[in-house]
Amino acid sequence: MAPRQLHLNVNTLNAGFYSSAWRAPSSDPRAYADIAHYVKVAQIAERGTFDAIFLADVPAFSDRPDLRPFQALEPTIVLAHVAAATEHLGLIGTASTSFNDPYNLARRFASLDIASNGRVGWNIVTTADASAARNFGTDELEAHANRYERADEFADVVTALWDSWEDDAFIGDKATGRFIDTAKVHPIEHRGRHFSVRGPLNVPRSVQGRPVLVQAGGSADGIRLAARHAEAIFSVAHTLEEALAFSGSVRTQARTFGRSGDDIVILPGLATIIGSTEAEARRREEELWALTPGDYGLRRVAGILKVDPSSLDLDGPLPEVARPLDGMQTFFDALVGAADREKLTVRQLIRRFGGSTGHRVIVGTPEAIADDIEAWFTAGAVDGFNLMPDVLPEGLEVFVDHVVPLLRKRGLFRTHYSGRTLREHFGLPRPASRFAPGTAVSAPRVAAGR
């Protein structure tokens, strides 16, 4: 049996993980809307034999655009450019089930998967940003449970559409004049509570069968969605114990849906600040912190907790706050858990998360970073990490040049790509079309009355 292989993605958060990254000397403030920036990040990641580049997305003018860059460009457009400039790197884009329709999304991602020769993944999100709802004809978000119910059915429809062509449906025989064997292209005839989609898709299957399904969300509803559909999960974990509990929960639930559970790739977020010495890394952290607007972190924490910023005492403990029924429950749990576990003041909590995104931050030398990654990986808590360098592309370049060689030397990470598709990078099987003769799932799931 081959040894486990570490997986690494780069989460391309504009100028970098820190809200002040755009102000760093090496940064270009206009990079958030510059395709060349994302291409450069991707090429560095490919040089480091990363599994994939990941693009988050919120379809709104949100966060604090007066103070920091935001996710401006539509992910699949960016990834199409990245695909043309790379050969192996996986391409994972976010698209909301709240503000898309299954057919258009399935077609868009299938097209990108074909254009990239099978390197695409779809990150399934339900969108917790209320400002996005106002861009799509409603003043309020759907309730949390309703959004996840819609997402569950949405994923059913999309995967059925991706499967609607059998692999050998295309004929293209000039002599006989037969182009497509239409008996091998199947309407999905989906009728559910949220969607009615006849199908089939008008795009054939890609070399990897269909895009990889990725999910990010640690609420109970999010874990259920991941357990049923996800092949890779972007999670939040601050301790080994949290990571082990999360992976155990997901894999156990996956088995209740008839899955093995062991073939789900779990990748918590990890922000890195790297220096040649501990002191240099800490200086870099201080410099980025000094450039961070004073109220940004406070407002970010208050937004996650769903409280008024004025109710938070920077030098006092985090007050008791009820877990929101809606919103970013995963990051709420991360903030409250860290504050309670480490007895942090609000100011320390903001600092602890580099402006309070909720993901784990490690500061240190390449050796210290490699040690941390190795410890979590060998403990079986994770399959790898969704990396968030402090400043892009500089922080990623440092990681690739100084941490990746250490991981390779320890036998944890690949020295070269052995496959071409994202499924091959993640060690995932190529799924057969559910409509192909002899497959376990031979008919679409009809969700009426759920």
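Positions are given from 1 along the sequence. These values consider heavy atoms only, across backbone and side chains, with no hydrogens, waters or symmetry-generated copies. As the structure is a computational prediction, the values presented were derived from the model and not from experiment.
For residues 239-257, the salt bridge (Lys or Arg N to Asp or Glu O under 4.0 Å) pairs, not counting sequence neighbours, are E242-R341, R251-D383, R255-D262.
With contacts defined as side-chain heavy-atom distances shorter than 4.5 Å, the pair R150/E142 does not qualify. For the pair E231/D263, no side-chain contact is recorded, criterion being any heavy-atom separation below 4.5 Å from C-beta on.
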Given side-chain contact (heavy atoms from CB on, under 4.5 Å), test L396 with F50 step by step and report yes or no.
CA-CA 11 Å; L396 177 62; F50 275 42; 3.8 Å; yes

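Here R282 pairs with E278 in a salt bridge; the nearest charged N to carboxylate O distance falls below 4.0 Å. The pair R228-D156 meets the salt-bridge criterion, since a charged nitrogen lies less than 4.0 angstrom from a carboxylate oxygen.
Between the side chains of S310 and D308, at least one donor-acceptor pair of N or O atoms lies under 3.5 Å. With no hydrogens or angles considered, no side-chain donor-acceptor pair links R64 and S19 at under 3.5 Å.
Residues meeting the side-chain hydrogen bond (donor to acceptor under 3.5 Å, both in side chains) test with R414, sequence neighbours left out: D51. Among residues two or more places apart in sequence or in another chain, the side-chain hydrogen bond (donor to acceptor under 3.5 Å, both in side chains) test is passed with N104 by none. Listed by chain and number, the residues in a side chain to side chain contact (heavy atoms under 4.5 Å, CB included) with E74 are T76, I77, R108 (sequence neighbours excluded). Residues satisfying the side-chain hydrogen bond (donor to acceptor under 3.5 Å, both in side chains) test with S206, not counting sequence neighbours, are D113. S26 meets the side-chain hydrogen bond (donor to acceptor under 3.5 Å, both in side chains) test with E394; sequence neighbours excluded.
A ring-centre distance under 6.0 Å is found for H7 and F426.
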